[in-house]
2 protein chains.
Amino acid sequence: MADVAAAAGVSAMTVSRALRRPDTVSEEVRARVEEASRRLGFVPSRVASALASARTMTVAVLIPSLTNAVFIDLLAGVQETLSPQGYQPLVGITGYGPEAEERVLRTQLAHDPDGVILSGLDHTPGTWDLLRGLTIPVVHTMDLSVEGDLMAEGGHGDCPVQTVGFSQFDAGYAVGAHLVARGRRRIGLIAGQLDSRTRQRCDGWRQALRDAGRHDPARELMVPDATSVALGAELLERALATHPDTDALFLCNDDLAQGALFQCARLGIPVPERLAVAGFNDLAGAAWTVPPLTTVATPRRAIGVEAARLLIAGMESRTPQSRENPRRVDLGFRLMVRETT
Amino acid sequence: MADVAAAAGVSAMTVSRALRRPDTVSEEVRARVEEASRRLGFVPSRVASALASARTMTVAVLIPSLTNAVFIDLLAGVQETLSPQGYQPLVGITGYGPEAEERVLRTQLAHDPDGVILSGLDHTPGTWDLLRGLTIPVVHTMDLSVEGDLMAEGGHGDCPVQTVGFSQFDAGYAVGAHLVARGRRRIGLIAGQLDSRTRQRCDGWRQALRDAGRHDPARELMVPDATSVALGAELLERALATHPDTDALFLCNDDLAQGALFQCARLGIPVPERLAVAGFNDLAGAAWTVPPLTTVATPRRAIGVEAARLLIAGMESRTPQSRENPRRVDLGFRLMVRETT
DNA sequence: GCCTCGTTTGTTAGCGGTAACATGCGCATC
DNA sequence: GATGCGCATGTTACCGCTAACAAACGAGGC
């Protein structure tokens, strides 16, 4: 920067100003600085800038996994919103464990991000302590804070939170109600990856079935393994082995549902005639399976975009809104009724 | 840090040493510093550390897209290898364009990463200039440099490169040869997302067909759109409309192939009896389609892991190996013969 | 012509660590 | 008992940029 300053015949400070806030220097100086800067191939060090200005222009983004398309879409939304504003996402992978999340968050915080985006509200007490102590904005995604009573559930105690997501419970309820409305009577559930969001979906589904008087706990098949097409195929067989008369199944994620559909095709089970199948998330291809899959479209990318927007607002205003102005943005979901039900 | 130093009764320098290289201080001082550090909740600022030591402990990772599972797997491999060593990946999305890549690289470099991982070898001259000027290690992935003659192709001129990948050409050739070996005579090609890797695969396939005297350029259907299940379904129909007698198809990515399979099921086209179908990448679920998809398993995650390893070696040794010791790591591929062929 | 004000540029002093060198100490050596 | 050496710790001087304040300058008002 000193070299550029010398070449442009100004002070280093003026170079800094000319490049960061061109409107604060004279037109003529700006041109000279830009020319010299380009000629010398000057690239300002963001590290030094960060140290001097206390703004790193980075945002910590914690997601459970890279192999789950849901969080990739979330990340894509975040990334495409942050990038144009000059922010660099720092991706952290928590592997679905609140403890690992706390660890990852700690290491991310050492990088002094200007903001934090988390997945879910299922954090350790230690994480909540960390968050409470932060002076940077924090947004929680994919889930919604409990309305009206922040102290009650979810463990976030007296920490006002900013959430962007949708009601996993309601979405699960919608699927259950839909299967009931289709006249199905022996409705089963298959779930993997039992994180808190999955459990809420299952809770919703369960409630819908209870409300209709059709809930049978024995038809719930829940395993902790990560979801996959292979697992869906396997669990379908297992579910039908124990309850061959099942006439509808809710699979808590589309990859499970796709695997189940494949297995049905293989076993010659007519869908939806003998068995109705519903998935969740409306992942790529769900509209193209044979038959096309009924599922719930979740606004993952939009959640990422909105979370990033809220965060940027908080970071630019320098008054973390999570403090005095907690928000709760419900982006909803859509039941996509296709042919498997 | 000064506070911790005071609390522990030592100098700031000793605190720094005690935390970063515990073996360089006495056992007793280390314990005191750790206790004080924990008690005060001290988290060293990586930004300051980076400025003082000229090491940011970050690595720029440039990939074309977040929505392509191939690069997500690559990223996952990179991430899981870098993280334990304390490195933080800085993800940059190039959108498949060499120009965008150059832009993204420039902004990433402003963060002073300690290393760079790129996808492919298809870079702009400006990118090559940038890379040549770097003193940090750089690894190119998913493709291999031209053996023996670094000056010749690929545009990287006199810049010795470190590559980790497999031969896209050979993999495409293997598919072509396989379809030929299966006795197919009217073999078509469907490709989307025409980046340089896809084109090399197509080149390999084409060569295999030429070698067998069965190449018919009219049966190539190449579109620039991003690949997807939907696109695969659509292009299958288009290909069959113009060449109804096609008896084998190579779809350059598994999502296209899955879409094609769905569409075949819908149209009542028996696979593989009337039409053989081969995909590429062995994406999740390929083994579970109906019938299971013949495809090429590519070592994407392993490429990420190996690239990160090479990079770490270069970063720790402080002598960028890309200079005096260019390497070319071929991790190969595997033709997964299943039932669609 | 002098004063005030706004605009543009310069000066100073860090941001929070770490490299490099300096110091002090205990111990083996002669 | 003096000398030298190695190890543990301290001191100094930055890393490259920017916040905050100071100064210089021209324009407009009285």
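Quick note on labels: first sequence line is chain A, next is B, and so on, each numbered from 1. Keep in mind that the numbers below use all heavy atoms, side chains included, and drop hydrogens, waters and symmetry copies.
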Given DNA chain D, 5'-ward residue of the pair D23(B) and M13(A), judged by closest heavy atom: D23(B)
Q108(B) and Q88(A), any side-chain heavy atoms less than 4.5 Å apart: yes
Contact under 4.0 Å: R20(A) side-chain N or O vs dT18(D) OP1/OP2: yes
Whole angstrom value for the distance that separates C1' of dA20(C) from CZ of R21(B): 13 Å
Atom-pair distance (CZ on F42(A); C1' on dC17(D)), nearest Å: 8 Å
Listed nucleotide nearest any side-chain atom of R17(B), set dT18(D), dG10(C), dG10(D): dG10(D)
By side-chain contact (heavy atoms from CB on, under 4.5 Å) - contacts of R17(B) (at least two apart): M13(B), T14(B), T24(B), V25(B)
Interatomic distance where CG belongs to D3(B) and P belongs to dC15(C) [whole Å]: 12 Å
T58(A) side chain to P89(A) backbone, donor-acceptor under 3.5 Å: no
Side-chain heavy atoms of V10(B) within contact of V15(B), under 4.5 Å: yes
Whole angstrom value for the distance that separates C1' of dT7(C) from CD of E27(A): 15 Å
Minimum-distance nucleotide to T14(B) side chain [options: dG10(D), dG10(C), dA19(C)]: dG10(D)
Nearest listed nucleotide, side chain of S53(B), among dG17(C), dT18(D), dA19(C): dA19(C)
S26(A) side-chain N/O to dT9(C) phosphate OP1/OP2 under 4.0 Å: yes
Non-hydrogen side-chain atoms of D143(B) and R197(B) separated by less than 4.5 Å: yes
side-chain N/O S11(B) vs dG10(D) OP1/OP2, d < 4.0 Å: yes
Contact nearer the 5' end of DNA chain C, comparing V25(A) with V43(B): V25(A)
Sugar-phosphate only, base, or nothing, as touched by V47(B) at under 4.0 Å among non-hydrogen atoms: nothing
Phosphate OP1/OP2 of dG17(C) contacted by R55(B) side-chain N/O (<4.0 Å): no
Protein-nucleotide distance (L51(A), atom CG; dT18(D), atom C1'), rounded to Å: 10 Å
Residue A52(B), side-chain heavy atoms: nucleotide from dT9(D), dC15(D), dT11(C) that is nearest: dC15(D)
Between C1' of dG17(C) and CE of M57(B), the distance in whole Å: 15 Å
